[in-house]
Number of protein chains: 2
Amino acid sequence: MATILIVEDEADIRELVRFHLEREGYAVLEAADGPEGLEKAQTHLPQCVILDVMLPGMDGFEVCRRLASGETTAQIPVLLLTARGEEVDRVVGLSLGADDYVVKPFSVRELMLRVKAILRRTEQSRRAPTLNRNGIILDGVAHCVSVNGEMINLTATEFRLLEDLMRHPGAVRTREQLLNTVWGYSFEGYARTVDTHVRRLRQKLGDKADMVETVRGVGYRLHA
Amino acid sequence: MATILIVEDEADIRELVRFHLEREGYAVLEAADGPEGLEKAQTHLPQCVILDVMLPGMDGFEVCRRLASGETTAQIPVLLLTARGEEVDRVVGLSLGADDYVVKPFSVRELMLRVKAILRRTEQSRRAPTLNRNGIILDGVAHCVSVNGEMINLTATEFRLLEDLMRHPGAVRTREQLLNTVWGYSFEGYARTVDTHVRRLRQKLGDKADMVETVRGVGYRLHA
DNA sequence: TGGCACGGTTACAATTCCGTGACAAGCGAT
DNA sequence: ATCGCTTGTCACGGAATTGTAACCGTGCCA
């Protein structure tokens, strides 16, 4: 499941949060100061960072800024822990790119909900190695596809075609777009080739065949 | 820029928030109760909804639930306004799919920052050129159109025609202009062809048919 | 009031578009 | 070499789409 990094100098708070996060099934990394937090963020690329603003040495804002400017770490959502009533701090934090904050002393339950909310928001945009839409599951690593739990056997071309459609659920893909991504830019052939492969794909999809919709005069689309 | 809907029964709070939102450059819609808020959300698809929990009649949680279960409105982020200290409410709200909350009485500055944070988070996924005028929603990526929340089925030509009109709301488009952009410069045909397609389009638009206005002697125009 | 220009409406034939089946070339394994 | 599988192309046919023409309704102007 998701990995979460907590950067906090007070050990008892780290333990408290770790305990609850692990009970929810998350993997937890700890760091006691800013530099350690930055380094663990860069090496482990957690799905979320819980970051105390008051840190010895480098403060949380500086960590936040450096995370946002790093190429690999810019996408990691940050949840700030601030002291009560420091509205100025919150303002600075949010404008620095933090995704959310919680005021200390905080309700653990609320913190968990906020972490979940952040992960829920980001997991949609993150590219999943296995795609799953309405009973069609495509595993890019194992290179296999199941429909309603039953494995089906796709050829390489059919697999890439389905993959492209599933990566753009609800979006129309023109024959040219499909030829470019599935067959490659060097392919110089008949656009109707796509049709034939769509037909073969639909055949193998069985009762989920109508998930692949025809948009007449435009192209094909995976039902959203 | 972005459109924001505020659902709040107290008119002075609506005005206060509207004033600051408009100063930031946002377009603002107002609704005084839950049903009105739902309806405006469905027809205008704002980029964000600011929703008071305490509403006469249908409360904010119910509005939130219905927004989340609607196909077109599920993606709209919701920012809840709750009364001080009602942690139970916050928890319920966040688990219902609200993206954030602010406790009343709130700092306007903080509210603005939270709205900006929400918009920043969602604008990445909102890159899609979806046009929206008065209940007619045209999604260029999915290549589909909905009127009052109901999907309608347009042919490719009808779609391009509506797209051109919606890209120029309130502006008259002559038949020649339409022929050039919708049919392409190479088209050499009868200008009255446009009329036939306008008619077919109006038929499918149902009670929104009069959004496509005739400007006698000039061309057609989408009602502003 | 009548004529006229313009757009709405209807009908229809031509065309386009897509699903389907068939087929041959390519390719790897046996 | 032979077989089986994959893949690209093609032709046919049905269905949806589209352009055109003819006819009708309405507003405008003298």
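Lettering follows sequence order; numbering is per chain, from 1.
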Closest-nucleotide ordering on DNA chain D, the 5'-leading residue of A/Glu158 and B/Ala191
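Comparing both residues, the 5'-ward one is A/Glu158.
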In this structure, how many angstroms lie between the [atom2] atom of [N] and the [atom1] atom of [X], rounded?
{"X": "A/Asp195", "N": "D/dG8", "atom1": "CG", "atom2": "P", "result": "13 Å"}
{"X": "A/Leu201", "N": "C/dG19", "atom1": "CG", "atom2": "P", "result": "12 Å"}
{"X": "B/Glu188", "N": "D/dT18", "atom1": "CD", "atom2": "P", "result": "19 Å"}
{"X": "B/Lys204", "N": "D/dT17", "atom1": "NZ", "atom2": "P", "result": "6 Å"}
{"X": "B/Arg199", "N": "D/dT17", "atom1": "CZ", "atom2": "C1'", "result": "14 Å"}
{"X": "B/Phe159", "N": "D/dA16", "atom1": "CZ", "atom2": "C1'", "result": "18 Å"}
{"X": "B/Tyr190", "N": "C/dC6", "atom1": "OH", "atom2": "P", "result": "12 Å"}
{"X": "B/Gln203", "N": "C/dT10", "atom1": "CD", "atom2": "C1'", "result": "10 Å"}

Would you tell me if any nitrogen or oxygen in the side chain of [X] comes within less than 4.0 Å of OP1 or OP2 on [N]?
{"X": "A/Arg192", "N": "D/dC10", "result": "no"}
{"X": "B/Thr155", "N": "D/dT18", "result": "yes"}
{"X": "B/Arg200", "N": "D/dT17", "result": "no"}
{"X": "A/Arg202", "N": "C/dG19", "result": "yes"}
{"X": "A/Thr214", "N": "C/dG19", "result": "yes"}
{"X": "B/His197", "N": "D/dG19", "result": "yes"}
{"X": "B/Trp183", "N": "D/dG19", "result": "yes"}
{"X": "B/Thr157", "N": "D/dT18", "result": "yes"}
{"X": "A/Tyr220", "N": "C/dG19", "result": "yes"}

When you get a sec, tell me which of [options] is the closest nucleotide to the side chain of [X]?
{"X": "B/Thr193", "options": "D/dT9, C/dT20, D/dT20", "value": "D/dT20"}
{"X": "B/Arg175", "options": "C/dG7, D/dT7, D/dA21", "value": "C/dG7"}
{"X": "A/Phe187", "options": "D/dT9, D/dG19, C/dA5", "value": "D/dT9"}

- Task: May I ask you to say whether A/Glu24 pairs ionically with A/Lys116, meaning some side-chain N is under 4.0 Å from a carboxylate O?
- Result: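 Result for this pair is yes, salt bridge flagged.
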Quiz prompt | SB check A/Arg200 A/Glu158 (cutoff 4.0 Å) | solution =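 Salt bridge between A/Arg200 and A/Glu158, a charged N being under 4.0 Å from a carboxylate O: no.
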Reported OH-to-NE2 distance for the pair A/Tyr220 and A/His197, which is rounded to 0.5 angstrom: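 With rounding to 0.5 Å, OH (A/Tyr220) is 11.5 Å from NE2 (A/His197).
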Q. Would B/Asp139 and B/Thr130 count as having a side-chain donor-acceptor pair, cut-off 3.5 Å?
A.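 On atom types as modelled, these side chains do not qualify, holding no pair under 3.5 Å.
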Do B/Asn134 and B/Lys208 meet the criterion of a side-chain donor-acceptor pair at a distance under 3.5 Å?
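Distance-only check fails for B/Asn134 and B/Lys208.
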task: May I ask you to decide if A/Leu38's main-chain N or O and A/Arg66's side chain share a donor-acceptor pair within less than 3.5 Å?
output: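 No, A/Arg66 side chain to A/Leu38 backbone: no donor-acceptor pair under 3.5 Å.
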**Item:** Pair of N/O donor and acceptor under 3.5 Å linking C/dC18 base with A/Arg216 side chain
**Value:**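 It does not, because no donor-acceptor pair links the side chain of A/Arg216 to the base of C/dC18 below 3.5 Å.
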